[in-house]
Amino acid sequence: MKKLALHWQILIGMVLGVVVGILFTYFDGGKEIVQDWIKPFGKIFINSLKLIAVPLILASLIKGVSDLKDISKLSAMGGRTIGIYIITTVIAVSIGLLLVNVIKPGNSISEKTRHELVDNYGESTTKYKEQAAIQKQSGPLQALVDIVPDNIFGAATDNKNMLQVIFFAILFGIGLILIPEEKATPVKKFFDGFNEVILKIIDLIMLAAPYGVFALLAALVVESPSVDLFKALIWYAFTVLLGLLLMITFYNLIVWAVTKKTPSFFLKGISPAQLLAFSTSSSAATLPVTMERVTEHLGVDEEVSSFVLPIGATINMDGTSLYQAVAAVFIAQAFGMDLTLGTQLGIIVTATLASIGSAAVPGAGMVMLVIVLAQAGIPEAGLALIFAIDRPLDMCRTTVNVTGDATVSMLVAKSIGKLGKPKVKDWDDNYPKK
Ligand code: ASP
């Protein structure tokens, strides 16, 4: 019998997770059963994905950079990557601002609801504000300083330091290009083999993906706040979701226009990564799968994907920046503030920078939102307004973040002649590969 394609398996896992989650909320002790007996499997799944993120970046980036054989190629690719990343982010923020100004979701929040939300969630947001305060204290060049680790083992022990690992891997790759061929070859061969092993491990982990997302979603459903609160935020959520949908459409169109690959090809190739991004709310945890899909199913050469995607997972967050713009203006509207054009233009800049600074983990976008709010003079207490619905929106914006990275990798690959035929065809999309 033909095996069901991976994205269908994951989707079924997700739906079953939601159904089981809902069922268990209906009887006493159901929530605890899910937390004790189902949730841990979700955690194990995410842990195993995170586990291979650092070795994957090291192996694939060192291999990718050293394969370039020429440093000028690296700087051309680097410039293009960063340039396109910034352009897509600014487009995302602008779409968010346009929508929130037209739909005006904040005006639908009554004074009473606003007080209720602030009372309910005021305390929960303290953690976010504290984290943001630490970020704010640092000087303007701190972000640059943070990229250069003083100890590679120290950097590699914390997934939050992904940019530091990327920095080291690029440096190592450059070193390999510059030394004599006969010295470089054995080292390259080692990382080549190492990389293959990691890719195989991803295949193995993905066998568990349908079960992993089942556990994650079941736990999420039993732990989610009451549906009543969502209703007050329905227009806000609608605005964010519409913006995210427009971004996905934009990605498909631009991939189609530039690479001539159809939306169905693109979506079929990337969908398992999108579903995983949705289930885990973390671009970093999804990175191994994004890399595998983009390379094997979308035809992007490994030289490009190994460079563009890890950087994208950490700095390119179109969904997050769009959400930050909508959330900031929504909060201002709910507090009856009128934002001038100047302030809104300021939001474009801060939301772009804030999304670059957001870590690729659940809820990071909300921490950096505090900085966007402060810059625009919007009350931080407003964070409590959007807290209840943040997780579902986080799931959606992470999906957009990952799709954006995949899009840019295709554009960059096309621009330097590195977009080829996919290694795995969709019709034999079964795991593990033979
Ligand atoms: N969860 C997002 C990501 O990992 C970041 C955020 O917007 O919170 O891409």
Side-chain angles (χ1 to χ4, degrees), residues 56-57 60-95 143-144 147 162-163 165-174 176-178 247-248 250-261 265-266 269-270 273 283 287 290-291 293-295 297-322 348-349 352-353 355-358 360 400-422:
L56 174 70
I57 293 176
S60 68
L61 204 53
I62 290 175
K63 178 182 179 304
V65 171
S66 61
D67 278 349
L68 286 173
K69 297 192 181 71
D70 181 354
I71 293 181
S72 65
K73 275 196 202 156
L74 180 68
S75 59
M77 188 156 77
R80 237 166 266 201
T81 304
I82 306 284
I84 305 180
Y85 274 154
I86 292 178
I87 294 172
T88 55
T89 307
V90 172
I91 291 175
V93 184
S94 310
I95 291 181
L144 220 55
I147 294 178
M162 217 121 92
L163 273 182
V165 178
I166 291 172
F167 178 84
F168 174 78
I170 293 178
L171 213 59
F172 197 96
I174 293 175
L176 267 182
I177 295 177
L178 296 177
M247 277 314 284
I248 298 271
F250 165 73
Y251 295 140
N252 277 288
L253 290 179
I254 192 132
V255 165
W256 199 8
V258 175
T259 70
K260 304 282 173 292
K261 304 281 186 199
F265 169 85
F266 179 61
I270 197 66
S283 320
L287 179 66
T290 318
M291 290 193 48
R293 298 303 297 189
V294 162
T295 316
H297 297 255
L298 294 178
V300 174
D301 196 289
E302 220 183 323
E303 267 173 32
V304 178
S305 61
S306 66
F307 180 80
V308 177
L309 292 174
I311 294 179
T314 34
I315 70 163
N316 181 51
M317 299 198 179
D318 299 344
T320 300
S321 65
L322 185 147
I348 297 193
V349 179
T352 302
L353 294 176
S355 69
I356 292 176
S358 301
V400 170
N401 291 345
V402 166
T403 315
D405 299 341
T407 302
V408 175
S409 74
M410 287 193 79
L411 301 183
V412 172
K414 176 75 187 175
S415 77
I416 56 171
K418 293 278 177 189
L419 187 66
K421 289 225 172 344

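Not measured: the values here are computed from a predicted model.
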Non-hydrogen side-chain atoms of [X] and [Y] separated by less than 4.5 Å:
{"X": "L176", "Y": "V65", "value": "no"}
{"X": "S306", "Y": "K63", "value": "no"}
{"X": "V304", "Y": "I416", "value": "yes"}
{"X": "L61", "Y": "V165", "value": "no"}
{"X": "D301", "Y": "L419", "value": "no"}
{"X": "S355", "Y": "D318", "value": "no"}
{"X": "L74", "Y": "I170", "value": "yes"}

Which pairs of donor and acceptor atoms, one on a side chain in residues 253-260, lie under 3.5 Å apart (sequence neighbours left out)?
residue	atom	partner	partner atom	Å
T259	OG1	V255	O	2.6
T259	OG1	K261	N	3.2
K260	NZ	A257	O	3.0

> Is a side-chain donor or acceptor of N401 paired with a backbone partner of T320 at a separation under 3.5 angstrom?
Replying inline: yes
>> Does anything in residues 303-315 form a salt bridge (Lys or Arg N to Asp or Glu O under 4.0 Å)? List the pairs, not counting sequence neighbours.
In response: E303-K418
> Could you give all pairs that pass the side chain to side chain donor-acceptor pair (under 3.5 Å) test and reach residues 403-414, with sequence neighbours left out?
Replying inline: Q274-T403, N316-D405
> Residues in side-chain hydrogen bond (donor to acceptor under 3.5 Å, both in side chains) with S66, at least two apart?
Replying inline: none
> Under the side-chain hydrogen bond (donor to acceptor under 3.5 Å, both in side chains) test, which residues partner S283, sequence neighbours left out?
Replying inline: none
Restricting to non-hydrogen atoms, name the atom on [X] and the atom on [Y] that form the minimum distance, rounded to 0.1 Å.
{"X": "A406", "Y": "I270", "value": "CB-CD1, 3.6 Å"}
{"X": "F265", "Y": "P422", "value": "CE1-CG, 3.8 Å"}
{"X": "G269", "Y": "R293", "value": "O-NE, 2.7 Å"}

Rounded distance [0.5 Å steps], [atom1] in [X] versus [atom2] in [Y]:
{"X": "M410", "Y": "I84", "atom1": "CE", "atom2": "CD1", "result": "12.5 Å"}
{"X": "T314", "Y": "L309", "atom1": "OG1", "atom2": "CG", "result": "10.5 Å"}
{"X": "Y85", "Y": "T352", "atom1": "OH", "atom2": "OG1", "result": "15.0 Å"}
{"X": "L353", "Y": "I356", "atom1": "CG", "atom2": "CD1", "result": "5.5 Å"}
{"X": "F250", "Y": "I91", "atom1": "CZ", "atom2": "CD1", "result": "3.5 Å"}
{"X": "S60", "Y": "L287", "atom1": "OG", "atom2": "CG", "result": "8.0 Å"}

> Where do S305 and T295 land on the side chain to side chain donor-acceptor pair (under 3.5 Å) test, with the steps shown first?
Replying inline: CA-CA 7 Å; S305 61; T295 316; 3.1 Å; yes
> Does F168 have any ring-ring contact (aromatic ring centres under 6.0 Å, His included) partners at least two apart in sequence or in another chain, and if so, which?
Replying inline: F172
